Amino acid sequence: MNKFLTLRGAKRGFSYLVVGGWSAFSVFFILWIILASLKRNRDLFGKPWSIPVDPAWGNYVKTWVNNRFGDYFLNSLIVTSVSVAALLLVSVPAAYVLSRGRFAGRQALSNFFAFGMGVPIPLLFVPLFVIMTTMRLGDSLTGLSIVYVALSIPFSIYVLEGFFASLPSELESAAIIDGCSDFQVFRHVMLPLAGPGIATVAILNFVGLWNEYQLSLVLLNSPENRTLSLGIYSLITSMQYSGGDWAGLFAGVTIVMVPTILLFIILSERMISGITMGGVK
């Protein structure tokens with residue numbers, strides 16, 4: 001018994017060590033990027049590990065205005081927010097029906113959505129470009145949002161099915177006995193209970209779409225339609241000819257990174273509770 005407890009404690013200690021080490025590593029480099037964004041280029045290379053005594057806030061002003069990161073930030077915010085809202089509007093009812101409904105072909109339809117998660121995104125670049133161009137939605141934020149929603153549906157439905165399946169069926173039966181219709185059961189009983197799961201899916205999709213690069217690179221051409229990820233790419237490309245404004249680049253990376261970090265900090269507890277709730281399917 002003592003050997004078992006010792007082995008179990010050693011495994012737990014090793015797990016804590018790995019997680020703690022990775023967390024410390026991540027926090028260190030996030031802080032280093034933020035500090036590097038507040039330095040001047042000569043200090044960045046001459047004293048890379050020092051704390052800036054006179055923070056160069058002008059790096060952010062230059063990146064936000066001169067490099068048009070303000071416009072890119074707005075584009076990313078609009079595309080990501082609209083895509084996540086539309087995605088939840090489609091995925092939540094679909095996942096509820098697939099997890100709680102009883103009809104012919106339900107399992108095949110559920111497997112079809114699960115299969116969609118295994119399709120490599122690069123294989124879809126050419127078909128998506130042709131389809132969006134044919135529909136006159138190429139090089140537009142609307143077309144990019146439609147693609148984001150379509151490609152995120154399989155993952156969202158798969159995850160949400162687990163959340164809805166974990167909810168007790170007794171509550172559903174009690175609501176039906178009280179005279180609720182199927183829509184009322186979904187709207188007033190199951191939807192509030194699945195709130196943590198829905199929040200988890202929304203956060204994961206928001207972070208994924210906020211940092212998405214490949215699809216926006218393929219579908220967007222105009223500078224005014226660029227997202228933040230394309231803004232970083234254009235900044236790196238321009239550095240090849242302008243001599244390299246590394247401090248400005250780190251300021252741009254910080255602008256991209258901070259919103260998702262704040263989102264995790266504010267909603268991490270709700271997301272963890274949602275993941276725990278959906279762990280039993």
Side-chain angles (χ1 to χ4, degrees), residues 26 30 33-34 37-38 57-92 121 128-129 132 135-153 155-156 159-160 195-238 245 247-271 274:
S26 302
I30 289 174
I33 290 173
I34 295 175
S37 68
L38 296 174
W57 297 105
N59 293 333
Y60 285 92
V61 176
K62 180 172 59 177
T63 302
W64 187 266
V65 178
N66 296 349
N67 294 318
R68 302 183 62 181
F69 265 60
D71 297 333
Y72 304 155
F73 186 93
L74 183 60
N75 290 341
S76 290
L77 185 62
I78 292 174
V79 169
T80 306
S81 301
V82 171
S83 299
V84 171
L87 178 63
L88 294 179
L89 190 64
V90 173
S91 300
V92 173
I121 299 299
L128 285 175
F129 181 82
M132 289 294 105
M135 297 175 62
R136 297 184 179 180
L137 291 173
D139 192 22
S140 69
L141 299 180
T142 302
L144 183 62
S145 296
I146 294 174
V147 172
Y148 280 170
V149 172
L151 296 183
S152 302
I153 283 178
F155 168 77
S156 301
V159 175
L160 285 171
I198 296 173
T200 300
V201 171
I203 294 170
L204 294 177
N205 279 291
F206 185 92
V207 173
L209 297 181
W210 181 267
N211 297 311
E212 197 281 322
Y213 167 74
Q214 291 181 320
L215 289 170
S216 55
L217 178 64
V218 172
L219 298 176
L220 299 179
N221 298 319
S222 303
E224 62 269 14
N225 289 330
R226 286 174 180 167
T227 58
L228 277 175
S229 57
L230 291 183
I232 291 291
Y233 174 76
S234 64
L235 186 57
I236 294 174
T237 303
S238 64
D245 182 11
L249 176 62
F250 284 124
V253 172
T254 303
I255 293 174
V256 176
M257 180 177 58
V258 166
T260 56
I261 294 177
L262 292 178
L263 187 67
F264 272 114
I265 293 175
I266 296 172
L267 301 176
S268 60
E269 184 176 351
R270 189 173 183 85
M271 186 176 69

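Note that these values count all heavy atoms, side chains included, but never hydrogens, waters or copies made by symmetry. Counting begins at 1 with the first residue of the sequence. Every value quoted in this text rests on a predicted model; they were computed, and no experiment measured them.
In this structure, CE on M132 lies 11.0 Å from CG on L215, to the nearest 0.5 angstrom. The CG atom of N221 sits 4.5 Å away from the CG atom of D139 when rounded to the nearest 0.5 Å. Atom-to-atom distance recorded for L235:CG and Y233:OH is 12.5 Å, nearest 0.5 angstrom. Residue S152 holds its OG atom at 5.0 Å from CG of N205, rounded to the nearest 0.5 Å. A distance of 14.0 Å separates CG in L74 from CZ in F69, rounded to the nearest 0.5 Å. To the nearest 0.5 Å, the span separating CG on L230 from CG on L217 amounts to 6.0 Å.
Here the rule is side chain to side chain contact (heavy atoms under 4.5 Å, CB included) with S156, and of L88, L87, V149 only L87 fits it.
The backbone N or O of S76 lies less than 3.5 Å from no partner atom in the side chain of T227, so there is not a single donor-acceptor pair. Looking only at distances, no side-chain donor or acceptor of S81 sits under 3.5 Å from a matching main-chain atom of I78. A side-chain donor-acceptor contact under 3.5 Å links S216 to the backbone of Y213. Between the side chain of T63 and the main chain of G248, a donor-acceptor pair closer than 3.5 Å is present. Side chain of S222 to main chain of N225: no donor-acceptor pair is present (N/O by atom type, distance under 3.5 Å, no hydrogens or angles).
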*asked:* Set out, in order, the CA-CA distance, both residues' side-chain angles and the distance that settles side chain to side chain contact (heavy atoms under 4.5 Å, CB included) for I33 and T254, then state yes or no.
replied: CA-CA 7 Å; I33 290 173; T254 303; 3.8 Å; yes
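The two residues P223 and Y72 have their closest heavy-atom pair at O-CE2, 3.4 Å. Pairing each heavy atom of G252 with each of I232, the nearest pair is C-CD1, 3.5 Å. Residues E224 and N75 share a closest heavy-atom pair of O-ND2, 2.9 Å.
Residues W210 and F206 bring their aromatic ring centres within 6.0 Å.
Counting non-hydrogen atoms of neighbouring residues, nucleotides and ligands closer than 6.0 angstrom, the CZ atom of F73 exceeds 12 such neighbours.
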